[in-house]
Peer 1: 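I am attaching a structure below and will ask some questions about it afterwards.
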Amino acid sequence: MGHPKINSMHLDILKEIGNIGAAHAATALSDLLKKKIEMRVPKVEMITFNEMMDLAGGPEKVVVGIFLRIEGDLEGSMFFILPIEQANRFIQHLIQDDQFDFQSNGSFIGMSAMQEMGNILSGSYLSALSDFLQLKMYPTVPGLSIDMFGAIISIGLIEISQVSDYVIVINTSISEEGLENTEMKGHFLLLPDPESFNVIFKALGVE
């Protein structure tokens with residue numbers, strides 16, 4: 001299932017862009033965290049808005065969500081969604097504190113590590129996208145929330161009167177090199193405003 005105008009070649013291009021963004025983000029995160037962070041984009045897909053609601057394990061599933069708006073030549077919303085258990089494990093490992101839990105007392109240092117990660121990730125993806133598509137994109141400052149997936153998405157979308165029917169999902173895997181138990185599998189959700197979809201199509205060469 002996907003948008004009628006988008007075929008697997010276009011998704012491959014988006015995946016390639018995703019991997020470029022992931023490589024930049026991995027470098028920046030490695031510097032920030034003083035650990036060797038690996039990132040890859042195993043898959044990019046385009047799904048309907050309804051399919052997206054089942055993505056993270058359903059709307060009731062508690063996740064760590066990072067949300068921002070994109071302005072400029074391309075406008076839309078961007079979310080980075082991580083299952084809470086994986087986010088907890090990753091941050092526990094990073095800050096060397098196995099008591100850390102986003103839901104209970106979310107320590108300041110753990111929260112800010114996650115926020116900073118969100119800044120780097122979204123910035124890296126957006127700049128890769130903007131370089132490739134030759135479009136100017138300006139992210140707003142990302143907000144971080146811990147809540148049910150459905151709640152995070154709807155809060156993020158309240159300010160948009162009209163949502164596209166389709167969502168671009170960039171699946172992302174983040175881990176510390178050589179340590180599989182630190183792997184986090186997150187989803188980047190790119191929800192272009194309806195008219196911005198045509199801008200993306202044009203830039204990808206879709207008739």
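Scope of the values below: all heavy atoms of this structure, side chains included, with no hydrogens, waters or symmetry mates.
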Peer 1: Applying side chain to side chain contact (heavy atoms under 4.5 Å, CB included) to Leu68 and Leu126, what does each step give before you reach the verdict?
Peer 2: CA-CA 11 Å; Leu68 56 99; Leu126 281 180; 4.1 Å; yes

Peer 1: Just verifying a value: how many Å separate Asp98 CG and Asp101 CG, rounded to the nearest 0.5 Å?
Peer 2: 11.5 Å

Peer 1: If I take atom CD1 from residue Ile13 and atom CD1 from residue Ile200, how far apart are they, to the nearest 0.5 angstrom?
Peer 2: 12.5 Å

Peer 1: Identify the two heavy atoms, one from Ile91 and one from Gly110, that lie closest to each other, and give their separation to 0.1 Å.
Peer 2: CG2-CA, 3.7 Å

Peer 1: Considering all heavy atoms of both residues, which atom of Val169 and which atom of His187 are nearest to each other, and what is their separation?
Peer 2: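 Shortest heavy-atom contact: CG1-ND1, 4.0 Å.
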
Peer 1: Using 0.5 Å steps for rounding, measure from the OG atom of Ser124 to the CE atom of Met39.
Peer 2: 7.0 Å

Peer 1: Mark yes or no for whether Asn171, through its side chain, and Lys185, through its backbone, hold a donor-acceptor pair below 3.5 Å.
Peer 2: no

Peer 1: Please report the interatomic distance CZ(Phe100) to CG(Asn88), rounded to the nearest 0.5 Å.
Peer 2: 6.0 Å

Peer 1: Are more than 12 heavy atoms, taken from residues, nucleotides or ligands other than Lys35, located less than 6.0 Å from that residue's NZ atom?
Peer 2: yes

Peer 1: In Å and rounded to the nearest 0.5 Å, what is the CD1 to CD distance from Ile37 to Glu177?
Peer 2: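 Rounded to the nearest 0.5 Å, the CD1-CD separation comes out at 9.5 Å.
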
Peer 1: Can you check whether Arg69's main-chain N or O pairs, donor with acceptor, with Thr140's side chain at less than 3.5 Å?
Peer 2: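 A pair under 3.5 Å: yes.
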
Peer 1: Does any N or O in the side chain of Asp193 come within less than 3.5 Å of the main-chain N or O of Glu195, such that one atom is a donor and the other an acceptor?
Peer 2: no

Peer 1: Determine the minimum heavy-atom distance between Ile152 and Ile146, stating which atoms define it.
Peer 2: CD1-C, 4.5 Å

Peer 1: Under 3.5 Å, is there a donor-acceptor pair between the side chain of Asp97 and the main chain of Gln92?
Peer 2: no

Peer 1: Please check this pair: side chain of Ser196 against backbone of Pro192, looking for a donor-acceptor N/O pair closer than 3.5 Å.
Peer 2: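 Checking the backbone N and O of Pro192 against the side chain of Ser196, no donor-acceptor pair under 3.5 Å is found.
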
Peer 1: If you compare all heavy atoms of Gly186 against all heavy atoms of Leu82, which two are closest, and at what distance to 0.1 Å?
Peer 2: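 Closest pair (atom of Gly186, atom of Leu82, distance): CA-CD2, 3.7 Å.
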
Peer 1: Given side chain to side chain contact (heavy atoms under 4.5 Å, CB included), test Met78 with Leu189 step by step and report yes or no.
Peer 2: CA-CA 6 Å; Met78 193 170 189; Leu189 309 175; over 6 Å; no

Peer 1: Taking only Lys NZ, Arg NE, NH1 and NH2, and the carboxylate oxygens of Asp or Glu, determine whether Glu45 and Lys15 approach each other closer than 4.0 Å.
Peer 2: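 Judged by the 4.0 Å cut-off on N to carboxylate O distance, Glu45 and Lys15 do not form a salt bridge.
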
Peer 1: Which distance, rounded to the nearest 0.5 Å, do you find between the OG of Ser154 and the CE of Met53?
Peer 2: 7.0 Å

Peer 1: Look at the rings of Phe67 and Phe79 and say which category their plane angle falls in: under 30° parallel, 30 to 60° tilted, over 60° perpendicular.
Peer 2: tilted

Peer 1: Donor-acceptor check, side chain of Ser130 to backbone of Met137, threshold 3.5 angstrom: yes or no?
Peer 2: no

Peer 1: Does the pair Glu38/Arg40 count as a salt bridge with the N-to-O cut at 4.0 Å?
Peer 2: no

Peer 1: With no hydrogens and no angle check, just 3.5 Å: does a side-chain donor-acceptor pair link Thr48 and Glu51?
Peer 2: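 Yes - a donor-acceptor pair under 3.5 Å links their side chains.
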
Peer 1: When you measure from the side chain of Thr172 to the backbone of Ile170, do you find a donor-acceptor pair of N or O atoms at a distance under 3.5 Å?
Peer 2: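 Confirmed, Thr172 side chain pairs with Ile170 backbone.
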
Peer 1: Can you see which heavy atom on Pro83 is nearest to which on Val63, and at what distance?
Peer 2: CA-CG1, 4.4 Å

Peer 1: Can you name the closest pair of heavy atoms from Ile120 and Ala28 and give their distance?
Peer 2: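 Heavy atoms only, the tightest pair is CG2-CB, 3.6 Å.
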
Peer 1: Would Tyr125 and Phe188 count as a ring-ring contact (aromatic ring centres under 6.0 Å, His included) here? Give the steps.
Peer 2: CA-CA 9 Å; Tyr125 274 130; Phe188 251 104; 4.4 Å; yes

